[in-house]
Amino acid sequence: MSWTGWVAGWMTTAALGQSPATLEAVRLHRSDAAALAQAELTACEKAKCPDAGRLGLLAGTLVLSDGDAAGARDLLTRHAPPAPLEAFHAFYLGQARFYAGDPNGAAKDFERALEKASPSLAVRARARLGESLLDAHRPKDAAPVLESAAAAQPTPELLFQRAQARAATGNAAGFKADLKSVALRFPTHPYADEALERLAALKPAVKLTLPEHLQRARGFLSDGPAARAEEELATAEKRGLVKGAPAQAQVALLRAQVLFARGKKEEAEKALAVARKGPPAIAAEAQLVVARRALKSDDNEKARKLMAALDKAYPSQAAGEEGAFFAAWLDLQGGRFEDAAKSFADYEKRYKGSRRRDESMWFRALSHIRLEQYAKARQALDDLVTAYPKTSMAPQARYWQARTEELGGGKPATVGPAYEAVISAAPASFYALLATERLRELGRTPPAAFPQPPKQLTLPRPPELELAVALTRAGMFRDAADEVQSRVSGLRTADQALPFAHALLQLGEFGHAHVVAARYLWGRAFGAKAPDALAAFYPRAFAQAVETEATRQALDPFLVWAIMRRESAFRPEVMSAADARGLMQIIPPTATEIAQKMAEPAPAPADLFAPERNIRYGAWYLAQLMKRFAHPALAAAAYNAGPKAAVRWTQERGTLPLDLFVESIPYRETRGYVKQVVADLYLYHRFYEKDGTQARLAMTVPPPSTDGVSF
C-alpha cells in the first residue's frame, strides 16, 4: 500500500481507535488484520468509545476483502461512519450487498456514495453502480451509467459489462465493438475468452482477422503464457488465414519468438528459417532476433558478425540500422577503438535520421578518448552539442569537452571555466560532481552547485488532503493513496504544487511529495535552484530508521538515501516486474539470504513493504558491498547488476580513471544508475552534512576484495 504517512507523521500524536499493531497488519496485508480489527471494534463497543464508526468501517472492509460479504454487510450496518467517510462507507456497504446477492440494495448504496464521493471514489462507485443495475436485470438504467464509466476507465470488466448493456438495449454494433476490444486489448483476462465465444455465437459469427490473431498472440507473449500465443497462431492457421509467403513469414517470425520463450530452441530456429525467406522487412527482423540473442548471451564475437551482416544485407530496414549501430558498439566494447570510431562515423553519415545518432556521436567521441585522440574526441563532442543542443547527453558532452581539453594540454585558465559551466548548467548531475573534483585538482575553488540547501516549509495543510488523512486514520491506506493521486493529477502549476508537496513531506509521505516535485517543481529546483523545491527531491526520508541502521552497519546514511531515491523514489509500496519490493527494492530470495546472515527468521514477501525492515536489509547489504568494493560507484554497480558483474568490470577496466570506468560499464541501465546514485550521494553530503562541501569523490577504482558478499 502506498499511503504510509502515519509511520512518520501525525500518527505519533493522534488518538486512534486502531492500535499501531492493527494498522501495521493492515498495511502489510497480514492474514490476521481482519481479526485484529474486529477485536478492537468489539472492545470499543463495550467501552462505548467514539471510534466505533471508524473501526467498523475498517473491520467491514477487511472482512469483505477476505471474501465474507454477509459478515462485512453486518459489520458495516452496525455503526454510522464519521462524516468525512460517509461516501466510502456507502461504497463498501454496496460492495458487500452486491457480493451477498442483493444487487438492487447495492445499487442504492452506490447511488448514495456518488452523492458525496470525491473524484477518485466517484469513478469506482459509478462503475459498480452500472454493474449492480445490470446484475439486477435493469439494463436500460445500467446503459448510460456504463457508457460514462467505460469511457472514463476502459477496463476489461467495464467494457464487457457495457457490451451486455448495449446488447440489451439494441446497440448491436457497440456490443460487437466492446467484445472485440476485450478480446484484443486484454487477451489474458478471463473475459477475453468469453468475449470471443459470444462473438462466435452471433449470426453471422464475428471472426478475427489474421492481424487480430497476431495482436492477441503478441499480448500472450508479452503478458501471459507463451503456450497461449502458440495456440493463437495455430488457430489462425487452422482457419486458413495464413495465405501467401508474406503472411507465412510474419507468423513464423512471431512463432520463433514464442518458441524461444518456451525454451524450444530447435523448433524456433526452424521457424526463423521460414521467416528469413519472407519479405525484406520480416527477414531482417528474423535476423535481428538471432543477433540479439547472441548479444544477450554475451557472445560478442558472434553478435558482432551477425549485426554487421544485418547492416550489409538490409541497409534500408530498421533492423539493418540497428545492426550497424551495435556492430560499432561491439567494436567499442571489444577494445577495437579505431574500428569503433570509423564505424560510428560511417553510421552517422548513412543513417542521418536515426534516433540513435546523438548516441553514436557520443560513442565515437568515447572511442577517440580511449585512443587518446583528444582533438578528434572534441570534434565529435562539438558535433553532438551542435546538432542536438537539448540532448540528455549534453552534460556529459560538456564535461568531456573540458576534460579532453585538459588531457590535451589545455591551461587551467581555459579548462576551469568550462568545468564551472558544467556545474552551473547541470548542478545535480554526475558530471557536475566530476567537474568539481577536476577543479579541485587544478587548485581552483569549485562554485556551489546549489547556493542553499533544501528547506522544508511549515505550511497549512491544503484542504484537498483532509480526506486522505481521514482515510489514513481509518486504516484505509489504499483509498487514501487513490485520493492523493487524484488530487495530484488536479495540480497544474508550481505555485499549486509547492504547498501540496510540503504538506506531504510533513505527513511523512516522501514518495508522493517526490512525484509532485518531479511533475511540477523541476524548473524551480534545478533551474532556479530554490531550496523549498529541492526539499521534495532530496528528503531525509524515514530518517530514524535510516540513521539507526546506518550506524549499526557503520555505513554512510547518505548512501542509503541515494540508493533509496534511485530504487523507489521513497515509495514503500513499489514492486518491480522482477518482484523487487519496497524502498530499497529487495527481492524475496535476497531478503531471505540477508535474514540468514543477520540470524533472523526469513521474512514473508509482504514484510518487505515495511519501511523499517526494508531499510534494515538494504543497509546491511550496502554495508557488505562497501566492505568488498570500497567505492560508492562500485557498490552502486553491484547493487544494480550484481557483485559478479562489478568484479568482472573492475578486472577488465579497473585501471581506468573513475570517469572513464563508469562510461565503459557495458550495461546502459547500470551506467545511468551509477551516475545518479553517486551524484545524489554527494549532493546529500553537501546538503545535510556540516562539512559536506569537503566530501571528496575518489577518482581511482580500487580492486575489489576476493571475499565478501556475492549474491
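In this text the structure is predicted, and so the values were computed from the model without any measurement. Residues: numbered from 1 along the sequence shown.
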> Does Arg356 make a cation-pi contact with Phe325, if we ask for NZ or CZ under 6.0 Å from the ring centre and within 45° of the axis?
Replying inline: yes
>> Taking the six-membered ring of Tyr347 as reference, does the cationic atom of Arg357 (NZ for Lys, CZ for Arg) lie under 6.0 Å from its centre and within 45° of its axis?
In response: no
[X] (side chain) donor-acceptor with [Y] (main chain) under 3.5 angstrom:
| X | Y | answer |
| --- | --- | --- |
| Arg166 | Ala177 | no |
| Glu212 | Thr209 | yes |
| Arg653 | Thr650 | no |
| Ser489 | Ser486 | yes |

What donor-acceptor contacts under 3.5 angstrom involve side-chain atoms of residues 660-668, with partners at least two apart or in another chain?
from: Glu663; atom 1: OE1; to: Tyr431; atom 2: OH; distance (Å): 3.3
from: Glu663; atom 1: OE1; to: Lys675; atom 2: NZ; distance (Å): 3.1
from: Glu663; atom 1: OE2; to: Trp400; atom 2: NE1; distance (Å): 2.9
from: Glu663; atom 1: OE2; to: Tyr431; atom 2: OH; distance (Å): 2.6
from: Ser664; atom 1: OG; to: Leu660; atom 2: O; distance (Å): 2.8
from: Arg668; atom 1: NH1; to: Glu359; atom 2: OE2; distance (Å): 3.4
from: Arg668; atom 1: NH2; to: Glu359; atom 2: OE1; distance (Å): 3.2
from: Arg668; atom 1: NH2; to: Glu359; atom 2: OE2; distance (Å): 2.7

>> Minimum heavy-atom separation for Arg364 and Ala341, please, with both atom names.
In response: CD-O, 3.8 Å
>> Using every non-hydrogen atom in the two residues, find where Trp362 and Met393 come nearest and quote the distance to one decimal.
In response: CB-SD, 3.9 Å
>> Between Glu338 and Gln373, does the side chain to side chain donor-acceptor pair (under 3.5 Å) criterion hold? Intermediate values first, please.
In response: CA-CA 10 Å; Glu338 287 280 6; Gln373 297 172 348; 3.3 Å; yes
For residues 226-234, tabulate all N or O donor-acceptor pairs below 3.5 Å that involve a side-chain atom, not counting sequence neighbours.
from: Arg228; atom 1: NE; to: Glu231; atom 2: OE1; distance (Å): 3.4
from: Arg228; atom 1: NH2; to: Asp193; atom 2: OD1; distance (Å): 3.2
from: Glu230; atom 1: OE1; to: Arg262; atom 2: NH1; distance (Å): 2.5
from: Glu232; atom 1: OE1; to: Arg216; atom 2: NE; distance (Å): 3.2
from: Glu232; atom 1: OE1; to: Arg216; atom 2: NH2; distance (Å): 3.2
from: Glu232; atom 1: OE2; to: His213; atom 2: ND1; distance (Å): 2.7
from: Glu232; atom 1: OE2; to: Arg216; atom 2: NE; distance (Å): 3.1

> Is the shortest side-chain N to carboxylate O distance from Asp346 to Arg350 below 4.0 Å?
Replying inline: yes
> How about Asp358 and Thr391: does a side-chain donor come under 3.5 Å of a side-chain acceptor?
Replying inline: yes
>> Could you go through Glu285 and Tyr314, starting from their C-alpha distance and side-chain angles, then the distance that decides it, and tell me whether this counts as side chain to side chain donor-acceptor pair (under 3.5 Å)?
In response: CA-CA 10 Å; Glu285 285 297 322; Tyr314 303 103; over 6 Å; no
> Given Gln401 and Asp382, is the side chain to side chain donor-acceptor pair (under 3.5 Å) satisfied, shown in steps?
Replying inline: CA-CA 8 Å; Gln401 282 176 317; Asp382 289 343; 2.5 Å; yes
